[in-house]
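Notes for the one structure printed next.
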Amino acid sequence: MPVIVNGVELNDADLEQELPQHQQADNPMRAAVTALVLRRVLLDEAGRQGLDAADEEAAIGELLAREATAPEADEAACRRHYQMHPERFMAGELVEADHILFQVTPGVNLDMLRGHATMVLEALLADPSRFAEVAREQSNCPSAAVGGSLGQLGRGDTVPEFERALFALPAGGLLPQLLQTRHGLHILRVTRRIEGRLLPYEHVAGQIAAALTAMSRDTAWRQYIKLLVGRARIEGIDLDDGEPERVYSAGPA
């Protein structure tokens, strides 16, 4: 069934262009369609408000800046965040890690890939000593040539979803479940940790303020987009399951 937004059917060519950006999603096709629906809803509203949609990105940006404003983080909020999350403001903190990557590529059957990766993980949980051997055989990362070794990693060296899991693992720890990132499915272990030191608040205050302000902005965007979706006439897809928030969790694409 075609997807229609405010009387206009989504274009197959646009969908083909959008799809590669959502290969890490559980359902890439649905995520791509959702992103296009939300984009169409935003552009329709921009047009309704008389904004020039010749440059779609600029039109969406102007609409959100006008209609979905959010307050900047104040000093009290920044200090509270610093005190509640000291692990985020460590200097010199390093881990040595290995991984096995099962890459998600266009056209891959994600369920079959996940099933295979799960069996590999279960075997390694039973016998971790085979990690390097299995990495050489299975991993789609160049690190396979060195048994999956990623060397020493600091915060900011990897994508956020990988970093969160990486720095939560103890030395010698093998993550007991698959880790999914934008690159694919990973089996992850940490072989060594080097503890760091906490940076003074004054050194990171600007960084914290920028991050909290961005979070406040993103929340305002999601709430505004949800309001627009509720007003729009959408056929062929049900967006009442929270998917718009997942797709637009970092702002419009």
Separation between CD of E45 and CG of N6, rounded to the nearest 0.5 Å: 9.5 Å
Pairing of E18 and R39 as salt bridge, 4.0 angstrom limit: no
Electrostatic pair D44:R48 at N-O distance under 4.0 angstrom: no
Rounded distance [0.5 Å steps], CZ in R189 versus CG in D98: 4.5 Å
Within 6.0 Å of CD in E72, more than 12 heavy atoms from elsewhere: no
Criterion side-chain contact (heavy atoms from CB on, under 4.5 Å) on L43 and I60, from CA distance to verdict: CA-CA 6 Å; L43 288 171; I60 291 175; 3.8 Å; yes
Test item: T191 side-chain N/O and E96 main-chain N/O as donor-acceptor pair under 3.5 Å: yes
Any donor-acceptor N/O pair, S216 side chain to L212 backbone, under 3.5 Å: no
Within 6.0 angstrom of E133 CD, more than 12 heavy atoms from elsewhere: yes
Hphob cluster co-occupancy, L150 + L174, side-chain heavy atoms under 4.5 angstrom: no
Which pairs would a plain distance check flag for residues 85-94, meaning a side-chain donor or acceptor within less than 3.5 Å of a matching protein atom at least two apart in sequence or in another chain?
{"from": "R88", "atom 1": "NH1", "to": "H81", "atom 2": "NE2", "distance (Å)": "3.3"}
{"from": "E93", "atom 1": "OE1", "to": "R155", "atom 2": "NE", "distance (Å)": "2.9"}
{"from": "E93", "atom 1": "OE2", "to": "R193", "atom 2": "NH2", "distance (Å)": "3.2"}

side-chain contact (heavy atoms from CB on, under 4.5 Å) evaluation trace for F162 with H183: CA-CA 10 Å; F162 193 91; H183 300 301; over 6 Å; no
Pairs meeting criterion side-chain hydrogen bond (donor to acceptor under 3.5 Å, both in side chains) with involvement of residues 116-126, two or more places apart: H116-Q138
CA sep, side-chain torsions, deciding dist, call: Q180, L178, side-chain contact (heavy atoms from CB on, under 4.5 Å): CA-CA 6 Å; Q180 182 167 347; L178 296 174; over 6 Å; no
Interatomic distance, L36 atom CG to L19 atom CG [nearest 0.5 angstrom]: 9.5 Å
Residues E67, L228; criterion side-chain contact (heavy atoms from CB on, under 4.5 Å); working and verdict: CA-CA 11 Å; E67 300 293 333; L228 292 182; over 6 Å; no
Spatial distance of atom CG (L188) from atom CG (L121) [nearest 0.5 Å]: 10.5 Å
Main-chain N/O of R182 paired with E161 side-chain donor or acceptor, under 3.5 Å: yes
Value rounded to 0.5 Å, distance of OG1 in T158 from CZ in F167: 7.0 Å
R233: side chain to side chain donor-acceptor pair (under 3.5 Å) partners, not counting sequence neighbours: none
Sub-4.5 Å side-chain heavy-atom contact between R30 and I237: yes
Distance (rounded to the nearest 0.5 Å) between Q177 CD and L125 CG: 9.5 Å
